[in-house]
Amino acid sequence: MKWVNHGQYGNASINEMIKFKHPFSILLGKLSLGLISIFIACLAGLYWKSPTLLTILRYRQPTPQTFRHFPQESIAASPDPFHFIKATHPRQDLDTLSVYDGRHRLLPLADYLRMGKTTAFVVIRNDSIIYQYYAPGFSDTTTASVFSIAKSVLAILVGCALQEGAIRSLDDSITSYLPELRKKPVFAGITVRHLLTMNSGLAFKRKGEGLLSDLFSDEALYFYTTDSKQRLLQSQSATRPGTQWQYKNIDPLLLGWLLEVATHQRLAQYTQTKLWNPIGAAYPASWGLDHTGGLANTASSFQTTPLDLAKIGRLFLLAQQPRTIPLASAGWLNQLTQLDRTNNSPPKGWIQTRHQYYWWLPQRKPTGDFAAEGMLGQRLYVHPSTDTIIVHLAEAGAGDYPYRKVAAYLGGQIFRYPER
């Protein structure tokens with residue numbers, strides 16, 4: 001409201017009006033108190049109905065450091081850590097390599113990283129760190145949330161459970177592991193494979209349709225809920241299981257719950273023994289929880305350091321070599337990154353990426369590379385033909401997909417962006 005052209009009170013403040021007891025000022029004061037009271041009452045009612053909504057209002061879009069405000073379950077560093085070699089002569093020429101951003105602008109990689117608020121960009125070849133960029137205040141020891149890369153980590157752990165027989169088959173009904181779901185017809189017919197391929201058919205409302213819609217989106221509600229199991233039990237059906245792919249967080253949350261029941265272990269403990277110790281993680285990691293002692297957010301809350309994340313990528317390179325790897329079978333790791341003929345996920349972007357078992361597989365030739373992806377620009381990219389691993393952590397991300405060009409450049413390969 002503009003206070004102009006209203007006689008002697010045109011430029012007066014609200015406090016001055018109240019001081020002079022002008023009738024309009026008294027009315028305004030009463031209205032303000034009334035509106036404040038209504039607002040407080042609405043907030044109280046909202047909290048009573050759903051305390052999660054107030055948490056969403058407070059934190060809104062999470063950052064890679066938001067996890068510090070919520071319960072975590074820690075995963076200790078490996079007692080026998082592996083260390084990448086630091087190259088004697090880092091490849092600073094990468095700074096000037098021209099890449100596209102999400103607005104189809106060609107710019108030097110160094111500018112691309114700054115534009116996307118990159119916090120860490122690490123390039124590793126043949127177990128040697130040949131390029132590192134860290135924003136001020138960040139380093140190779142900084143722990144950050146990698147958001148949906150959590151799903152990719154979960155997929156590896158599912159392979160471990162399959163190998164040891166804790167999960168008997170991907171085609172098992174999920175209700176055979178989670179008897180709580182048997183009373184809900186919506187879960188009938190859903191298999192472990194349906195969850196792993198995001199074909200459960202369960203309804204899920206993503207954000208991106210406006211502020212109010214985002215506030216009530218399942219994406220936000222599941223990220224900030226204090227009772228994931230209760231919310232999962234309220235799921236509704238959208239399509240018949242196995243008939244339609246939809247990217248959603250319900251499926252990995254159910255799968256994480258199922259994995260804990262099947263292995264009779266907390267997910268953090270299982271991650272410790274089956275992944276973190278075998279890869280030689282040098283620093284602790286964590287799973288975010290809905291509440292202390294509660295369910296792990298296997299959809300979007302895994303926290304680690306850049307170099308330990310790179311060691312997960314290294315596993316896949318080891319799986320392609322004639323040697324024994326220290327966890328899930330090489331066959332399972334290869335299955336995660338080779339497109340299945342039954343895959344029904346749609347391609348995205350100029351690289352025609354398809355979603356396979358919570359990993360992203362580019363299908364534009366030459367194929368063979370793959371990535372784990374999280375919102376705001378989190379990436380773990382693996383390019384097996386050049387033995388390259390790239391870790392990219394950011395607070396926003398500049399878009400597009402520079403990783404293929406970086407890997408090709410380092411491998412002395414010709415690379416051309418396709419016409420768009």
Side-chain angles (χ1 to χ4, degrees), residues 61-64 67 99-102 112-113 116-124 144-158 196-198 204 206-208 219 222-223 245-249 251-253 255-256 285 288 297-306 308-316 333 336-339 343 345-364 367-384 388-407:
Q61 172 87 357
T63 74
F67 75 93
V99 298
Y100 278 113
D101 68 0
Y112 173 90
L113 298 179
K117 297 183 179 179
T118 295
T119 55
F121 192 86
V122 184
V123 182
I124 298 168
S145 179
V146 292
F147 296 119
S148 285
I149 293 178
K151 299 178 176 73
S152 308
V153 173
L154 176 64
I156 297 173
L157 297 175
V158 168
L196 195 57
T197 59
M198 292 198 174
F204 186 80
R206 297 196 68 187
K207 63 180 184 178
E219 210 162 353
Y222 273 106
F223 189 86
W245 179 90
Q246 183 195 7
Y247 190 87
K248 53 187 176 296
N249 289 344
D251 293 8
L253 286 169
L255 189 53
N297 182 353
T298 47
S300 50
S301 187
F302 185 74
Q303 287 65 237
T304 183
T305 62
D308 282 341
L309 181 60
K311 293 168 191 175
I312 296 176
R314 181 174 181 264
L315 268 179
F316 291 85
L333 294 178
L336 292 180
T337 57
Q338 294 178 8
L339 194 69
N343 188 297
S345 66
K348 70 168 186 174
W350 64 266
I351 50 173
Q352 300 291 284
T353 305
R354 305 279 292 278
H355 193 249
Q356 169 93 2
Y357 293 164
Y358 302 160
W359 286 78
W360 294 95
L361 318 183
Q363 295 304 298
R364 189 181 189 98
T367 57
D369 52 346
F370 52 89
E373 302 186 3
M375 71 174 185
L376 302 181
Q378 322 312 312
R379 296 290 185 275
L380 167 60
Y381 174 80
V382 182
H383 193 270
T388 301
I389 302 167
I390 299 176
V391 170
H392 188 182
L393 305 182
E395 294 179 342
D400 206 78
Y401 205 82
Y403 317 108
R404 268 194 168 183
K405 183 165 187 181
V406 171

Problem set entry | Validation row: Asn343, Thr197 side chains within 4.5 angstrom (heavy atoms) | no
For this session: Might you point out which heavy atoms bring Thr304 and Ala285 nearest each other, and give the distance in Å?
Result: CB-CB, 4.4 Å
Exercise. Out of curiosity, His383 NE2 to Phe370 CZ, how far, rounded to the nearest 0.5 Å?
Worked result: 10.5 Å
Problem set entry | Sole residue of Ile389, Val391, Ile390 in side chain to side chain contact (heavy atoms under 4.5 Å, CB included) with Val123 | Ile390
Exercise. Less than 4.5 Å apart, any side-chain heavy atom of Asp400 and any of Val99?
Worked result: no
Exercise. Is Ile156 close to Val153 at the side-chain level, that is, under 4.5 Å between some pair of heavy atoms?
Worked result: no
Problem set entry | Evaluation steps, side-chain contact (heavy atoms from CB on, under 4.5 Å), between Ser152 and Trp360 | CA-CA 9 Å; Ser152 308; Trp360 294 95; 5.8 Å; no
Exercise. Checking side-chain contact (heavy atoms from CB on, under 4.5 Å) for the pair Ile149/Glu373: CA distance, chi angles, key distance, verdict?
Worked result: CA-CA 5 Å; Ile149 293 178; Glu373 302 186 3; 5.5 Å; no
Exercise. For the side chain of Arg379 and the backbone of Gly374, is there at least one donor-acceptor N/O pair under 3.5 Å apart?
Worked result: yes
For this session: Please report the closest heavy-atom contact between His355 and Met198, naming both atoms and the distance.
Result: CE1-SD, 3.9 Å
Exercise. Rounded to the nearest 0.5 Å, how far does CD of Glu395 lie from CD of Gln378?
Worked result: 9.0 Å
Exercise. Are any of the side-chain heavy atoms of Met375 and Gln61 separated by less than 4.5 Å?
Worked result: yes
Exercise. What distance do Leu309 atom CG and Leu380 atom CG have between them, rounded to the nearest 0.5 Å?
Worked result: 4.5 Å
Exercise. Do you know the tightest heavy-atom contact between Gly116 and Ala394?
Worked result: O-CB, 3.5 Å
Exercise. Can you name the nearest heavy-atom pair linking Ala150 to Ser300, along with the distance?
Worked result: CB-N, 4.1 Å
Problem set entry | Ring geometry between His392 and Tyr112 (parallel below 30°, tilted from 30 to 60°, perpendicular above 60°) | tilted
For this session: Enter the distance from Leu196:CG to Leu255:CG here, rounded to the nearest 0.5 Å.
Result: 6.0 Å
Problem set entry | Interatomic spacing from NZ in Lys348 to CZ in Arg354 - rounded to 0.5 Å | 13.0 Å
Exercise. Do the side chains of Gln363 and Thr353 get nearer than 4.5 Å, heavy atoms only?
Worked result: no
Exercise. So which heavy atom on Pro64 is nearest to which on Leu376, and how close?
Worked result: CD-CD1, 4.1 Å
Exercise. With side chains defined as the heavy atoms from C-beta onward, is the minimum distance between Tyr100 and Lys405 less than 4.5 Å?
Worked result: no
Exercise. Can the positive tip of Lys151 be found less than 6.0 Å from the middle of the six-membered ring of Trp359, inside 45° of the ring normal?
Worked result: no
Exercise. Going from CD on Gln303 to CZ on Phe147, what distance comes out if it is rounded to the nearest 0.5 angstrom?
Worked result: 8.0 Å
Exercise. Would Ile124 and Val122 satisfy side-chain contact (heavy atoms from CB on, under 4.5 Å), going step by step from the backbone distance to the final call?
Worked result: CA-CA 7 Å; Ile124 298 168; Val122 184; 4.0 Å; yes
For this session: Evaluate the criterion side-chain contact (heavy atoms from CB on, under 4.5 Å) for residue pair Phe204 and Tyr222; output intermediate values, then yes/no.
Result: CA-CA 10 Å; Phe204 186 80; Tyr222 273 106; 3.9 Å; yes
For this session: Evaluate the side-chain proximity of Leu361 to Thr367: yes if any heavy-atom separation is below 4.5 Å, no if none is.
Result: no
For this session: Identify the heavy atoms of Phe67 and Ala144 that sit nearest to each other, and give their distance.
Result: CE2-CA, 4.1 Å
For this session: Could you label the plane-to-plane angle of the Tyr401 and Tyr403 rings as parallel, tilted or perpendicular, counting under 30° as parallel and over 60° as perpendicular?
Result: perpendicular
Exercise. With a 4.5 Å heavy-atom cut-off, do Pro347 and Arg364 have their side chains touching?
Worked result: no
